[in-house]
Amino acid sequence: MEPRRSVSVALIFLCLLAGCSAKRDLIVLLPDPDGKVGAIRVTTKGGSQILDKSGYAVGVEDFNKPPIAPRSIAEDEITGIFGAALSAQPDLKGRFISFLLFFESDTSELTHESKGLLPEILRTIQNRKPNEIYVVGHTDRVGTELYNTKLSSRRAYYVRDLLVSSGIKSSDLDVSFHGEAMPRVYTEDEVAEPLNRRVEVIVR
Amino acid sequence: MFAKIGSEIWENDTLRTGPDGSIGVVFNDDTLLSLGPGSVLVIDEFVFAPNQGKFSIVIRMLKGTAAYLSGLISKLAPESAHFETPSASIGIRGTKFVVKVEG
């Protein structure tokens, strides 16, 4: 009987380490179809964790405790648990296409590289003939929130006017802006971040 | 009611899959949601009305496995996109993720 007892002790110990509990959530961040990785925030009554790396997972064992800190999870484990759900994902054909245009600091002036992207945006619009095109303006966190809201508006309308002057119907364009509230890259306040100074053009 | 290809889904609908089942859903804002076997999920809210500036997607998962690829709501009004489990709430900032809930 001696060996068996030591096995059960080991099992209890493993349960303590891994947290054996009746209910458990597992949330894994994956790359978008275009390879970009976004971010999600998992919140319980006990706290929250941000997931912003592909293939990283957060576990929740108890809603009174914060989620377990993100850890990397093997691809075959993801396939083992989520394979059926992932292969049931509907076809992407016809889903919107999105472009990012970047701006020089504190201006509504496009960077040189972003100017070069305009022909491709126009070509995409001509090919898809959408009647919904979204133009969404953003800034980084240098300056006040109010100032940045106005700056993001100027950027969005600048891009809208560019598209209209290239022959796109203004009734097909929907303009919105978020100031510094929706960064692509998290930063502290007053930090300059070129990747956050942008207008996103979304073509359906 | 049994879902078939082309079935429409509305706010407050519950989706269930059988032990060998799976389902894929395309929302009006191009959010893609799919469920693996033995799953239960409720569409608590879905509003996509850009002309009125109204956006909301609230999904509550009770059990099983799901894959979620965010759509336009997460780009236009990310604070309006929520995925809930019995223990946690997931705030979505434009991305793809998978969730397992043991129910």
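Residue numbers begin at 1 in each chain, while the letters A, B, ... track the order of the sequences.
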Is it true that atom [atom1] of [X] has more than 12 heavy atoms of other residues, nucleotides or ligands lying nearer than 6.0 Å?
| X | atom1 | result |
| --- | --- | --- |
| A:K36 | NZ | yes |
| A:E104 | CD | yes |
| A:E188 | CD | no |
| A:R154 | CZ | yes |

Chain A: which of [options] shares the most heavy-atom pairs with it under 4.5 Å?
| options | result |
| --- | --- |
| B:G64, B:G71, B:P37, B:A77 | B:G71 |
| B:V98, B:L33, B:I92 | B:V98 |
| B:N51, B:T17, B:N28 | B:N28 |

Is [Y] close to [X] at the side-chain level, that is, under 4.5 Å between some pair of heavy atoms?
| X | Y | value |
| --- | --- | --- |
| A:I202 | B:L72 | yes |
| B:V26 | A:R95 | no |
| B:T65 | A:I81 | yes |
| A:I40 | B:T95 | yes |
| A:F82 | B:K100 | yes |
| A:V28 | B:F97 | no |
| A:Y134 | B:P50 | yes |

Any idea which heavy atoms bring A:A181 and B:R93 closest together, and the distance?
-> O-NH1, 4.2 Å
Check B:S87 against A:D25 and note the closest heavy-atom contact, atom names and distance.
-> OG-OD2, 3.6 Å
Out of curiosity, A:F63 CZ to B:T85 OG1, how far, rounded to the nearest 0.5 Å?
-> 10.5 Å
May I have the step-by-step check of side chain to side chain contact (heavy atoms under 4.5 Å, CB included) for A:L26 and B:V99, ending in yes or no?
-> CA-CA 6 Å; A:L26 179 69; B:V99 182; over 6 Å; no
Main-chain N/O of [Y] paired with [X] side-chain donor or acceptor, under 3.5 Å:
| X | Y | answer |
| --- | --- | --- |
| A:D32 | B:K96 | yes |
| B:S22 | A:A85 | no |
| A:Q89 | B:A67 | yes |
| A:H178 | B:L76 | yes |

Looking only at A:G38, A:S98, A:A39, most heavy-atom pairs under 4.5 Å shared with chain B are made by A:A39
Max heavy-atom pairs within cutoff under 4.5 Å with chain B, candidates A:V58, A:V42, A:L29, A:T44, goes to A:L29
Which atoms of [X] are under 4.5 Å from chain A, going by heavy atoms: the side chain, the backbone, both sets, or neither?
| X | answer |
| --- | --- |
| B:S39 | neither |
| B:S70 | backbone |
| B:L69 | both |
| B:I90 | both |
| B:F83 | neither |

Which answer fits [X], side chain, backbone, both or neither, if we ask what part of it has an atom under 4.5 Å from a heavy atom of chain B?
| X | value |
| --- | --- |
| A:P67 | neither |
| A:P66 | neither |
| A:T43 | both |

Any ion pair linking A:R204 and B:D30 (charged N to carboxylate O, less than 4.0 Å)?
-> yes
